[in-house]
Amino acid sequence: MTVRTRVAPSPTGDPHVGTAYVALFNYCFAKKHGGQFILRIEDTDQKRSTAASERMILDALRWVGIEWDEGPDVGGPHGPYRQSERSALYKKCTENLIEKGHAFHCFCTSERLIQMRAEQRQSGSPVTGYDGHCLSLDKAEVERRLAAGESHVVRMVVPREGECVFDDVLRGEIRIPWTQVDMQVLMKSDGLPTYHLANVVDDHHMGITHVMRGEEWINSAPKHQLLYQYFGWEMPVLCHLPLLRNPDKSKLSKRKNPTSLWWFREMGYLPEGLLNYLGHMAWTMPDERDVFTLEEMVEVFKLEKISLGGPVFDVPKLNSLNARWIRERLDESEFIERLVKWRLNRDYLARLVPMVQPRVQRFTDLIGLTDTLMSHLVPIDPEQLRGSREASEVMRDLYFAVQRITALDEWTKDGVEGIMRALCEHSGLKMRVFVKPFYIAMNGRPSGLPLFDTMEILGRDITRDRLNHAIQALGGLGKKKLKKLDKELQAIAASV
RNA sequence: GACCCGUUCGUCUAGGGGUCAGGACACCGGGUUUUCAUCCCGGCAGCACGGGUUCGAAUCCCGUACGGGUCACCA
């Protein structure tokens, strides 16, 4: 049996460093055993999935140096590799489960479900989850309501007693009482499967032998095991990886840490350095060497050597490792090539020329004009940032911008400008007054290259870093203030 | 709250019954270098706690504490 592993990102936003981390381990394991590594796109959430995000995830994984044998862009014998294109299969499988009595139609409204959960919580019931309401519907009624076109989902039948026992490579046997397992929706009312169904169906049909995924999935493993049983399929070996953490030990999040792979690229990390660092999370080379390549890791990879404590993502350590890559693993010509690839290339310069050419008198003016485009944070004078306005007001504007920018679908100049104009209007200020602090936040000085272009070029992550840095320079926002501002921002969103 | 998972220097980790508990980042001190960085040398600092098992526990078992995760028609 050849080993086959996969990474299955959901295309809902920026490519996440956690995706690269999980991909790395899956890749190493597959390659170590001469198997295949597959990339599958889990885009069953129609509301949140975007093609742009999918493209970014593919690009970003390639950027860090991970290649897949099968995937939506390279094809393969088990395609399609995008779940939105496999609906017929899920439908067939769902019908099969219903026939065998392992799944049932549920007509409950979301209002009823919300109320049910509220009551369960209030009564202090240790068991929460679907109450089995539609499980007792007789066949005739189900037929009638289906024929009437009533909105419905399909749920899986779950035992109400006993416990589920399954194995995790790293943790051994795990037992979870069935009462803790909800009668999970398998097919949503839009006819698309949920993760749980699609994941099991696809892993089986794609011949996945080992599933390495985040620890956050442990509690849904019983559902998956049950589905394999219902279908009569063999379950892949399960291995739950410890979650990457923020410095405060919580699950790695955008708020507290850089998480977008683009941030690392824009910041000028070498992909090898980043991947090497991710290889230090939960893993150590047998000889404890610090600098190693993907190939070297593959060569000696042992699943059982993964350590279980949730590793804190430590940027200073990443920096030091990246520095070693820069000075030890790159010769001078490679160094030049990387720099060229990063910023010192024609394509990048071409984006600057329209802004720069009208503003330089001599070429010696160039660096002074564009220095902020080559750096991370810029020094800020709080007095200047505040200007003649109230610090709290300025912080509010900056914070609103951070929030809106984070939520922006596609990072474009027009998108940024739209946000800024809307916020300006809400503030009641003239545009020139409104944008002034933003110039300081972005450039460190009140004048400079056009703001929206600067933001577009620097990218979402560094833009956000600078705005946040500016907020800090004014003293920062406490929890209470943040809460209040979030409310206000929601009100604006509602009124527009 | 219920359930599940975890716990070795501040951080990443090695170590799986007998080790002076090892390395790396960060930090501190010293040396090389016209500065700085690099490089070299040195230092600080850890087995969460309590019970067992054992001649002997960081290591095995049980509790406690703490941390995290999950409890959706999101993945």
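All heavy atoms count here, side chains included; hydrogens, waters and symmetry mates do not. Convention: sequence-line order gives letters A, B, ...; per-chain numbering from 1.
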- Query: How far does the C1' atom of B:A58 sit from the matching atom of B:U8, given to the nearest Å?
  - Reply: 7 Å

- Message: Parallel, tilted or perpendicular: which one describes the rings of A:Phe292 and A:His280, with boundaries at 30° and 60°?
- Response: tilted

- Donor-acceptor pair between A:Ser250 and A:Asp248 side chains, under 3.5 angstrom: yes

I'd like a list of close polar pairs between nucleotides 61-64 of chain B and the protein, N/O only, cut-off under 3.5 Å.
none

Would you tabulate the nitrogen or oxygen pairs shorter than 3.5 Å linking the protein to nucleotides 22-28 of chain B?
unit_1 : atom_1 : unit_2   : atom_2 : d
B:G22  : N2     : A:Glu288 : OE1    : 2.4
B:A24  : N3     : A:Lys317 : NZ     : 2.8

- Message: Between A:Ser49 and A:Asp45, does the side-chain hydrogen bond (donor to acceptor under 3.5 Å, both in side chains) criterion hold? Intermediate values first, please.
- Response: CA-CA 6 Å; A:Ser49 299; A:Asp45 183 349; 5.7 Å; no

- Determine whether the aromatic ring centres of A:His205 and A:Trp233 lie less than 6.0 Å apart. yes

- Under 4.0 Å between any heavy atoms, over every strand shown, what does A:Arg171 touch: base, sugar-phosphate, or nothing? Just pick one. sugar-phosphate

- How close or far is atom P of B:C74 from atom CG of A:Leu197, stated in whole angstroms? 12 Å

- Do we get A:Arg4 above A:Phe37's six-membered ring, with its NZ or CZ under 6.0 Å from the centre and within 45° of the axis? no

- If the C1' atom of B:C5 is compared with that of B:C9, how far apart are they to the nearest Å? 24 Å

- Query: If you look at every strand shown and take non-hydrogen atoms under 4.0 Å, does A:Ala282 touch a base, only sugar-phosphate, or nothing?
  - Reply: sugar-phosphate

- Task: For A:Met281, answer base if it contacts any base atom (sugar-phosphate contacts may also be present), sugar-phosphate if it contacts only those atoms, and nothing otherwise; contact means non-hydrogen atoms under 4.0 Å.
- Result: sugar-phosphate

- Nearest-Å distance for atom pair CD/C1', residues A:Glu328 and B:C39: 10 Å

- Message: Check A:Asp314 with A:Lys317, please: is the shortest side-chain N to carboxylate O separation under 4.0 Å?
- Response: no

- Does B:A58 have a Watson-Crick or wobble mate here (both distances under 3.5 Å), and if so which one? none

- Message: I'd like to know if A:Arg343 and A:Glu266 make a salt bridge, using a cut-off of under 4.0 Å between side-chain N and carboxylate O.
- Response: yes

- Mind checking A:Lys223 for me? I need base, sugar-phosphate or nothing, with any heavy atom below 4.0 Å counting as a touch. nothing

- Nucleotide opposite B:G63 in a Watson-Crick or G-U pair, distances under 3.5 Å: B:C49

- Task: Would you mind telling me which of B:A72, B:C73, B:C12 lies closest to the side-chain atoms of A:Asp182?
- Result: B:A72

- Phosphate-side-chain proximity, A:Arg175 and B:C4, N/O vs OP1/OP2 below 4.0 Å: no

- Does a donor on one side chain and an acceptor on the other come within less than 3.5 Å for A:Trp263 and A:Asp14? no

- Task: Take atom C1' in B:U11 and the same atom in B:G67, then report the distance between them in whole Å.
- Result: 15 Å

- Query: Now, which nucleotide makes the Watson-Crick or G-U wobble pair with B:G42, with each of the two distances under 3.5 Å?
  - Reply: B:C28

- Message: With a 4.0 Å limit, can you tell me whether A:Lys251 has a side-chain N or O closer than that to the phosphate oxygens OP1/OP2 of B:C5?
- Response: no

- So which nucleotide does B:C71 pair with, by the Watson-Crick or G-U wobble rule with both distances under 3.5 Å? B:G1

- Query: Hey, does A:Leu192 reach any base, or is it just sugar-phosphate, or nothing, if we go heavy atoms under 4.0 Å?
  - Reply: nothing

- Query: If you pin A:Asp45 and A:Lys305 to their nearest nucleotides in RNA chain B, which one's is more 5'?
  - Reply: A:Lys305

- Note on the structure: Closest of B:A14, B:U38, B:A75 to the A:Glu42 side chain is B:A75

- Message: With a 3.5 Å limit on both atom pairs, tell me what B:U19 is paired to, counting Watson-Crick and G-U wobble, or say none.
- Response: none

- Rounded to the nearest Å, what distance is computed from the CG atom of residue A:Leu244 to the C1' atom of nucleotide B:C12? 11 Å

- Task: Using the P atom as the reference point in each nucleotide, state the distance between B:A48 and B:A57 in Å, no decimals.
- Result: 16 Å

- Message: Side chain of A:Arg327, heavy atoms from C-beta onward: which of B:C3, B:U13, B:C39 has the nearest atom to it?
- Response: B:C39

- Message: From OH of A:Tyr130 over to P of B:C73, roughly how many Å is that when rounded to an integer?
- Response: 11 Å

- When you compare B:G43 with B:C49, how far apart are their P atoms, in angstrom units rounded to a whole number? 26 Å

- Task: Name the residue closer to the 5' end of RNA chain B, choosing between A:Ile306 and A:Gln180 according to the nucleotide with the nearest heavy atom.
- Result: A:Gln180

- Query: Taking atom NZ of A:Lys32 as the centre, does the number of heavy atoms from other residues, nucleotides or ligands within less than 6.0 Å exceed 12?
  - Reply: yes

- Message: Between B:G29 and B:A37, how many Å separate the two P atoms, rounded to a whole number?
- Response: 13 Å

- Query: Does the side chain of A:Arg117 get closer than 4.0 angstrom to OP1 or OP2 of B:A72 through an N or O atom?
  - Reply: yes

- Query: Is the phosphate of B:A75, meaning OP1 or OP2, less than 4.0 Å from a side-chain N or O of A:Thr44?
  - Reply: yes

- Message: Please report the distance, rounded to the nearest Å, between NE2 in A:His105 and P in B:C73.
- Response: 17 Å

- Integer angstrom distance from the P of B:G6 to that of B:C44: 34 Å

- Among B:G69, B:U7, B:A75, the one nearest any side-chain atom of A:Leu308 is B:U7

- Task: Using the C1' atom as the reference point in each nucleotide, state the distance between B:A24 and B:A45 in Å, no decimals.
- Result: 14 Å

- Could you tell me if the ring centre of A:His224 sits under 6.0 Å from that of A:Tyr195? yes

- Scan A:Cys108 against the nucleic acid and name what it touches under 4.0 Å (heavy atoms): base, sugar-phosphate only, or nothing. base

- Phosphate OP1/OP2 of B:U11: any A:Lys249 side-chain N/O under 4.0 Å: yes

- Hey, can you tell me if A:Tyr21 and A:Phe25 have their rings parallel, tilted or perpendicular (30° and 60° cut-offs)? perpendicular

- For A:Phe107, is the NZ or CZ atom of A:Arg145 found under 6.0 angstrom from the centre of its six-membered ring and inside 45 degrees of the ring axis? yes

- Message: Tell me whether the side-chain N/O atoms of A:Arg245 come closer than 4.0 Å to OP1 or OP2 in B:G6.
- Response: no

- Carboxylate-amine/guanidinium proximity below 4.0 Å for A:Asp59 and A:Arg62: no

- Query: Hey, does A:Val153 reach any base, or is it just sugar-phosphate, or nothing, if we go heavy atoms under 4.0 Å?
  - Reply: base

